[in-house]
Peer 1: 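Have a look at the structure that comes next, please.
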Amino acid sequence: MSPPQSPNSSRDQVRPLAPSSHRIHVENEEGVNNYTSVSSTELAKKKRRRKRCIKFCGCCGVTTIIIGIVILILALTVFKVKDPTIRINSIRFEGLSALTSNSNLQTNMNITVSADISIKNPNAVSFKFKAATASLIYSDRFIAEAQLPRGSARARRTFRMNVNIMVMVEKLVGIPRLTSDLIAGELPVSMLTNINGKVNLGVIKKSVGIRMNCNMAVDLQRQDVKNIDCERKVSL
């Protein structure tokens with residue numbers, strides 16, 4: 001039978017547990033310190049990524065604004081659609097010598113109108129227009145009509161064309177006021193021209209319609225045209 005142990009010996013047996021408990025506490029502290037260090041590194045990385053993202057978004061925003069301003073300036077200056085203009089440089093009538101009196105006017109007569117027409121394009125790109133018509137009007141009646149070919153007026157250039165119109169004498173004979181105008185030696189006529197086309201500015205495409213109505217007086221004695229007054233209308 002073993003001898004009884006004293007109280008001091010019991011405490012001695014419990015003491016070795018204290019160092020073990022102390023080591024666990026140290027390990028926990030080391031674990032907490034490691035976790036804190038890892039969290040600081042991740043936070044620093046996130047801050048750097050956030051700064052790079054902010055810089056990238058800022059650069060993209062500034063670039064977009066600059067491009068928008070440049071496009072706006074170009075749209076209001078260089079690429080702004082400007083009105084093409086049309087004008088009659090000269091016009092002459094051939095065969096008017098027979099129009100001395102109503103009795104000499106016959107349907108087999110040959111009267112021709114020759115007109116020099118120009119289209120000025122002030123835009124930075126070409127103005128392409130479709131086939132058009134030019135009509136001669138006397139006393140609110142169409143007495144002649146000609147087809148104008150399609151074409152293209154280059155950028156900041158003037159396109160010129162010669163138009164020949166054959167007068168329909170049979171329609172001219174049936175106009176009541178013709179006799180009085182022949183006696184006066186002057187025929188008031190007008191020339192109507194309609195041209196439709198497009199101005200292509202890349203992303204901007206504009207349809208353009210040009211209408212010109214020129215009033216004039218044909219002097220039968222001088223075989224010439226005088227008092228030409230033209231009205232122009234452009235629709236975009």
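Basis for what follows: all heavy atoms, side chains included, without hydrogens, waters or symmetry-related copies.
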Peer 1: Can you tell if the side chain of Y138 reaches within under 4.5 Å of the side chain of P188, non-hydrogen atoms only?
Peer 2: yes
Peer 1: Between L220 and L182, is the side-chain contact (heavy atoms from CB on, under 4.5 Å) condition met? List the steps.
Peer 2: CA-CA 8 Å; L220 300 179; L182 291 176; 3.6 Å; yes
Peer 1: Any side-chain to backbone donor/acceptor pair from N123 onto V125? Under 3.5 Å, distance only.
Peer 2: no
Peer 1: Quick one: does V167's side chain get under 4.5 Å of L136's, heavy atoms only?
Peer 2: yes
Peer 1: Before accepting this row, confirm whether a basic side-chain N of the pair D224/R92 lies closer than 4.0 Å to the acidic partner's carboxylate O.
Peer 2: no
Peer 1: Would you mind reporting whether V189 and M216 have side-chain heavy atoms less than 4.5 Å apart?
Peer 2: yes
Peer 1: Without swapping roles, check the side chain of D181 against the backbone of L187 for a donor-acceptor pair under 3.5 Å.
Peer 2: no
Peer 1: Between OG of S190 and CG of D229, what distance do you get to the nearest 0.5 Å?
Peer 2: 11.0 Å
Peer 1: As an exercise, state the distance from CE of M212 to CD1 of I86, rounded to the nearest 0.5 Å.
Peer 2: 4.0 Å
Peer 1: Would you mind reporting whether I91 and M191 have side-chain heavy atoms less than 4.5 Å apart?
Peer 2: yes
Peer 1: Applying the side-chain contact (heavy atoms from CB on, under 4.5 Å) test to I69, which of I65, I67, I66 qualifies?
Peer 2: I65
Peer 1: Any chance you could lay out the side chain to side chain donor-acceptor pair (under 3.5 Å) test for E94 and T112, step after step, and finish with the verdict?
Peer 2: CA-CA 5 Å; E94 299 178 358; T112 305; 4.9 Å; no
Peer 1: Side chains of N164 and V113, heavy atoms from C-beta outward: is any pair under 4.5 Å?
Peer 2: no
Peer 1: As an exercise, state the distance from CD1 of I195 to OG1 of T133, rounded to the nearest 0.5 Å.
Peer 2: 9.0 Å
Peer 1: Can you confirm whether R154 is buried at CZ, in the sense that more than 12 heavy atoms of other residues, nucleotides or ligands lie under 6.0 Å from that atom?
Peer 2: no
Peer 1: Is the shortest heavy-atom distance from the side chain of I143 to the side chain of I137 under 4.5 Å?
Peer 2: no
Peer 1: Nearest 0.5 Å please: distance from the CG atom of L148 over to the CD1 atom of I165.
Peer 2: 7.5 Å
Peer 1: Is the number of heavy atoms from other residues, nucleotides or ligands within 6.0 Å of CZ (R232) greater than 12?
Peer 2: yes
Peer 1: Do I119 and F129 have side chains that approach each other closer than 4.5 Å (heavy atoms only, starting at C-beta)?
Peer 2: yes
Peer 1: On a heavy-atom basis, which atom in A132 and which in Q147 lie closest, and how many Å separate them?
Peer 2: O-OE1, 3.3 Å
Peer 1: Taking all non-hydrogen atoms of both residues into account, name the closest pair between I228 and C214 and its distance.
Peer 2: CG2-CB, 4.5 Å
Peer 1: To the nearest 0.5 Å, what is the distance between CZ on R52 and CD1 on I54?
Peer 2: 11.5 Å
Peer 1: Enter the distance from M166:CE to E145:CD here, rounded to the nearest 0.5 Å.
Peer 2: 14.0 Å
Peer 1: So do the side chains of N121 and F159 get within less than 4.5 Å of each other, counting heavy atoms only?
Peer 2: no
Peer 1: Please report the closest heavy-atom contact between F142 and M168, naming both atoms and the distance.
Peer 2: O-CE, 4.0 Å
Peer 1: Let me see the working for K226 and E186 under salt bridge (charged side-chain N to carboxylate O under 4.0 Å, His left out), right down to the final yes or no.
Peer 2: CA-CA 10 Å; K226 61 181 181 180; E186 188 174 283; 3.0 Å; yes
Peer 1: Side-chain heavy atoms nearer than 4.5 Å, only ILVMFWY residues, links allowed to pass through others: does that put V163 and L192 together?
Peer 2: no
Peer 1: Give the minimum heavy-atom separation between D83 and P122, together with the two atoms involved.
Peer 2: O-CG, 3.4 Å
Peer 1: Do you know which two heavy atoms are closest between R87 and N89, and how far apart they sit?
Peer 2: NE-OD1, 3.4 Å
Peer 1: Identify the heavy atoms of V208 and P84 that sit nearest to each other, and give their distance.
Peer 2: CG1-CD, 3.8 Å
